[in-house]
Amino acid sequence: MMETYEFVLKFKLSNVDTDPEQFLEALYEQGCDDALVGVGRKGVVALDFAREAESAEQAVMSAVSAVLKAIPGAELFEAGPDLINLSDLAELMGCSRQNAHKHANADDFPMPVVSKGRDQLWHYSDVLEWLNANQAKLRKLKLDSDNLSLAKILRTTNLVVESNKINPEVFNKAKQLLSYA
């Protein structure tokens with residue numbers, strides 16, 4: 001059964017001075033007619049997809065493939081949503097920021113990925129897993145399992161993008177230091 005998956009992919013153009021609008025027709029021809037295309041930042045094309053597919057993985061991978069065919073030399077640098085803040089959490093839960101903050105301080109709530117002062121960011125997939133596990137406490141909340149699979153694919157996609165930037169020597173030393181080797 002086909003589901004609709006909503007996500008954003010951001011690509012860096014190989015030449016910052018290239019006018020991204022020149023790729024609009026090619027994107028359409030490659031099947032990206034299910035995306036809103038943003039070309040507001042120089043050297044960047046962002047696509048906000050609402051893609052029908054049999055799985056989240058198929059939706060994201062087919063979208064990435066189509067964009068890379070339409071825009072030679074483009075480089076994926078972000079897939080989302082992956083990180084969410086307290087406001088996003090409140091919206092997701094359908095509650096106030098104050099109430100979301102109370103939940104975010106629960107002992108079993110996922111640890112933030114980024115924490116700077118009062119500002120915190122969590123992986124969307126971690127939060128969805130917590131929400132699924134705590135649905136009984138959060139009576140009004142209705143979660144879609146497709147959102148969790150999409151969030152996991154987007155997080156993995158970002159990890160792959162970031163792993164291509166890692167110095168292997170430093171990475172291996174860090175793995176040893178953290179006893180993951």
Side-chain angles (χ1 to χ4, degrees), residues 1-12 20 27 32-64 67 76-163 165-166 178 180:
M1 183 168 132
M2 300 286 263
E3 297 288 334
T4 301
Y5 298 91
E6 296 181 16
F7 55 95
V8 176
L9 300 176
K10 295 179 184 176
F11 292 84
K12 181 174 73 172
L27 287 164
C32 295
D33 55 336
D34 56 352
L36 295 174
V37 181
V39 293
R41 183 175 174 191
K42 192 174 181 175
V44 173
V45 174
L47 296 98
D48 190 345
F49 283 92
R51 179 152 287 209
E52 285 189 6
E54 291 184 19
S55 69
E57 180 178 5
Q58 183 185 43
V60 173
M61 294 306 124
S62 68
V64 170
V67 174
L76 178 67
F77 72 89
E78 183 181 346
D82 180 16
L83 298 176
I84 65 170
N85 62 22
L86 190 60
S87 294
D88 299 325
L89 178 60
E91 184 178 331
L92 178 65
M93 295 177 69
C95 66
S96 68
R97 279 178 48 95
Q98 183 177 6
N99 197 23
H101 186 267
K102 180 183 85 172
H103 290 295
N105 283 326
D107 290 340
D108 62 340
F109 196 80
M111 294 300 293
V113 178
V114 175
S115 185
K116 184 176 179 183
R118 294 179 55 104
D119 297 328
Q120 296 179 321
L121 295 175
W122 297 270
H123 279 292
Y124 186 43
S125 58
D126 291 344
V127 170
L128 287 175
E129 285 180 335
W130 182 86
L131 290 171
N132 278 333
N134 290 279
Q135 260 186 321
K137 287 193 260 181
L138 309 166
R139 292 170 288 243
K140 295 181 193 174
L141 196 59
K142 299 256 190 291
L143 295 174
D144 184 347
S145 63
D146 289 330
N147 285 342
L148 179 55
S149 63
L150 177 61
K152 287 180 177 183
I153 293 297
L154 295 171
R155 180 178 180 177
T156 302
T157 301
N158 285 329
L159 286 170
V160 170
V161 167
E162 287 301 310
S163 72
K165 300 175 187 176
I166 292 175
L178 297 172
Y180 291 130

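We count residues from 1, following the sequence as given.
Atom CD of Glu91 and atom CZ of Arg97 lie 12.0 Å apart (nearest 0.5 Å). The distance from the CD1 atom of Ile84 to the CG atom of Leu121 is 9.0 Å, given to the nearest 0.5 Å. Note that CZ of Phe11 is 9.0 Å distant from CG of Leu27, once rounded to the nearest 0.5 Å. Summarising the geometry, atom OG belonging to Ser149 is positioned 9.0 Å from atom CD belonging to Glu3; distances are rounded to the nearest 0.5 Å. With rounding to the nearest 0.5 Å, the separation of CG in Leu83 from CG in Asp88 is 9.5 Å. The distance from the OG atom of Ser125 to the NZ atom of Lys152 is 7.0 Å, given to the nearest 0.5 Å.
The minimum heavy-atom distance linking Ala79 with Thr157 is given by the pair CB-CG2, 4.0 Å. For Asn85 against Ser87, the heavy-atom pair with the smallest separation is OD1-N, 3.0 Å. Scanning both residues, Ala100 and Cys95, for their nearest heavy atoms gives N-SG, 3.7 Å. Taking all atoms of both residues into account, the shortest heavy-atom contact from Ala50 to Thr4 is C-CG2, 3.9 Å. Across all non-hydrogen atoms, the minimal contact from Ile153 to Glu57 is CD1-CB, 3.7 Å. Scanning all heavy atoms of the two residues, the minimum distance from Asp82 to His123 falls at OD1-ND1, 2.9 Å.
The side-chain heavy atoms of Phe109 and Trp122, taken from C-beta on, include a pair separated by under 4.5 Å. Between Glu129 and Asp126 there is a side-chain heavy-atom pair separated by less than 4.5 Å. The side-chain heavy atoms of Val60 and Leu150, taken from C-beta on, include a pair separated by under 4.5 Å. When side chains are defined from C-beta on, Gln120 does not count as touching Val114, because their heavy atoms never get closer than 4.5 Å. Looking only at side-chain heavy atoms (C-beta outward), Leu148 and Leu131 stay at 4.5 Å or farther from each other. Looking only at side-chain heavy atoms (C-beta outward), Tyr124 and Leu89 stay at 4.5 Å or farther from each other. Within the 4.5 Å cutoff, the side chain of Cys32 has no heavy atoms near those of the Val37 side chain. Within the 4.5 Å cutoff, the side chain of Val45 has heavy atoms near those of the Pro20 side chain.
Other residues, nucleotides and ligands contribute at most 12 non-hydrogen atoms within 6.0 Å of the NZ atom of Lys116.
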> Can Met93 and His103 be said to form a side-chain contact (heavy atoms from CB on, under 4.5 Å), step by step?
Replying inline: CA-CA 10 Å; Met93 295 177 69; His103 290 295; 3.1 Å; yes

>> Run the side-chain contact (heavy atoms from CB on, under 4.5 Å) test on Leu154 and Val8 for me, step by step, so that the C-alpha distance in whole Å, both residues' side-chain angles and the decisive distance to 0.1 Å come before the verdict.
In response: CA-CA 9 Å; Leu154 295 171; Val8 176; over 6 Å; no

>> Set out, in order, the CA-CA distance, both residues' side-chain angles and the distance that settles side-chain contact (heavy atoms from CB on, under 4.5 Å) for His101 and Leu86, then state yes or no.
In response: CA-CA 7 Å; His101 186 267; Leu86 190 60; 4.0 Å; yes

> Would Gln58 and Tyr5 satisfy side-chain contact (heavy atoms from CB on, under 4.5 Å), going step by step from the backbone distance to the final call?
Replying inline: CA-CA 10 Å; Gln58 183 185 43; Tyr5 298 91; over 6 Å; no

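Between the side chain of Ser115 and the backbone N or O of Pro112 there is no donor-acceptor pair closer than 3.5 Å.
Note: Phe7 and Phe49 have parallel aromatic rings, judged against thresholds of 30 and 60 degrees for the angle between ring planes.
Electrostatic pairing of Arg51 and Glu6 does not count as a salt bridge here, judged by no charged N lying under 4.0 Å from a carboxylate O.
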